[in-house]
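Read through the structure below, which is laid out as structure tokens, and then see the notes.
In what follows, every chain begins at residue 1, and chains take the letters A, B, ... in the order their sequences are listed. Computed from a predicted model, the values in this text were never measured in an experiment.
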2 protein chains.
Amino acid sequence: MTKALERREKLRAALIQAAEQMIAERGLAGLKTRDLAREIGCANGAVYNLVADVDELILRVGSRTLLRLDEALTLATNAGESSPRESLVRIALAYCDFAAENLQLWRALFEHRMETGKLVPDWSVHDQMQLFRHIYQPLAALFPERSPEELGITARSLFSAVHGMVALGLEQKLVAVPLPALRKEIAGLVRAMIDGLIARDVKGAAAAD
Amino acid sequence: MTKALERREKLRAALIQAAEQMIAERGLAGLKTRDLAREIGCANGAVYNLVADVDELILRVGSRTLLRLDEALTLATNAGESSPRESLVRIALAYCDFAAENLQLWRALFEHRMETGKLVPDWSVHDQMQLFRHIYQPLAALFPERSPEELGITARSLFSAVHGMVALGLEQKLVAVPLPALRKEIAGLVRAMIDGLIARDVKGAAAAD
DNA sequence: AATAATATTGAACGATGTTCAAGGTTCCTG
DNA sequence: CAGGAACCTTGAACATCGTTCAATATTATT
């Protein structure tokens, strides 16, 4: 039982790695089972012994991408001055840089859509939540009055806003923005958002509108 | 020459409308030429007389979606109190509402990717720029010191940030957010961004970092 | 060593976008 | 109005996918 499973696991790892490289080079749409099979040296049909379908394969690659992204954000959180505000700026810029350096893999995280009715497996869903936690800690330091639920919501909003800037900024479809300009814009708007949130906090929440 | 062209134009319009409905119902991936042909009553191959390929078809549908979106944003700009800040909030909420009510068509605007090498035709690129102009006017009122180029950049950043919140907020992939909560978050963050931008403006631009 | 369990293969299937020769329509011209 | 040129429509055929499966080869167990 060992020999077979060992080989199977080796091939599985090779398959996922080949898929990762193929997505990085040719985009999500360029991922072809026949090319993958040739790459790892097995028959086309054998792919389905290692993985249920391409959906799973894409999710497995996505899991690795999320892991690397997580590392990059962790690195950004701890490096540099420790003011929460500047930590958040560094995290946002790290997100931007990661997306730029891993453009196709990063895009694959959001482009991929399961066919309706098929639900995303647990191990894949779990990964995605982790991203917010980097933002959560500095936010908690900035807004000690807010409840964990409120902080979670604010964290997701901030993350989403930065994600949007990165997504549209790196898109060829709209006007291409040079990366340094994009980084500057992101840093500026993150600082503005934080300052604005703090000001609104002091002033008394929603009473001002 | 009139009879043939007339029929052609009628069929073309029917094709685009059928494509729009099909995307709205089944998503971008559910768009199939054979189904479209059956829908409008012609042969599968005839579709390629009306349209160069499905890429063009998708772009044509996208053009219509952008037009309707533009109308919705125009409506939001003029309705309600005329303070630029609240105009921007209304525009952001209108964008959110439009995306929620036209989820699949709105997604198609961003999901669709041309195969590499094929470039987007002019008439399609032109449409997309128009969206920023709704944001531009209130922004110009809020920041009279800024140059048109700076305003354009800020407008795109603001738009992108809101887009990100809407995109991730409406995504099933991450935790589903109830629409009213999302609207509240968007309104709050837009106000915070504007307040923060104004504060940074007063304080002396980038000198503070 | 024989037999059971499992893995691998590559041909085949069903979709799908796209093309194309054949045959029909429509339009212009004399 | 007749006849030919230009154009349109058709549906079969092609290439390319993901996926399946009976047959074969390999591995594990007794």
Within the structure shown, what part of the strands sits under 4.0 Å from A:L11 by heavy-atom distance: base, sugar-phosphate, or nothing? nothing
B:L31 CG to C:dG17 P, straight-line distance once rounded to whole Å: 7 Å
Given atom CZ of B:R38 and atom C1' of C:dG17, what is their separation to the nearest angstrom? 15 Å
Is any side-chain N of the basic residue among A:R68 and A:E71 closer than 4.0 Å to the acidic one's carboxylate O? no
Would a distance-only check, ignoring hydrogens and angles, find a side-chain to backbone donor-acceptor pair under 3.5 Å from B:D53 to B:E56? yes
Report yes or no: is the cationic atom of A:R156 (NZ for Lys, CZ for Arg) closer than 6.0 Å to the six-membered ring centre of A:F159, at no more than 45° off its axis? no
Is there a donor-acceptor pair closer than 3.5 Å between any side-chain N or O of B:T154 and the backbone N or O of B:E150? yes
Whole angstrom value for the distance that separates P of C:dG14 from NZ of B:K32: 16 Å
What integer distance in Å separates B:R8:CZ from D:dA6:C1'? 14 Å
When you match A:R34 and A:C42 each to their closest nucleotide on DNA chain C, which lands nearer the 5' end? A:C42
Under 3.5 Å donor-acceptor, B:R90 side chain and B:E81 backbone: yes
Could you tell me whether the phosphate oxygens of D:dG18, OP1 or OP2, come under 4.0 Å of any side-chain nitrogen or oxygen in A:T33? yes
List in chain and number order the residues that pass ring pair (Phe, Tyr, Trp, His ring centres under 6.0 Å) with A:H163, two or more places apart in sequence or in another chain; answer none if no residue qualifies. A:W106, A:F110
Give a yes or no on whether a donor-acceptor pair under 3.5 Å exists between the nucleobase atoms of C:dT9, that is its base, and the side chain of A:N44. no
Separation of C:dA7 C1' from A:R12 CZ (nearest whole Å): 15 Å
What is the distance from CG of B:D35 to P of C:dT16, rounded to the nearest Å? 7 Å
Whichever of B:G45 and A:A46 has its nearest DNA chain D nucleotide further upstream toward 5': B:G45
Looking at residues 47-61 of chain B, who's got a heavy atom less than 4.0 Å off DNA chain C? B:Y48, B:D53, B:V54
Salt bridge B:R191-B:E86, side-chain N to carboxylate O under 4.0 Å: yes
Nearest whole Å is fine: how far is C:dG17 P from B:M22 CE? 10 Å
Whole angstrom is fine here: how far is it from CG in B:L36 over to C1' in D:dG11? 17 Å
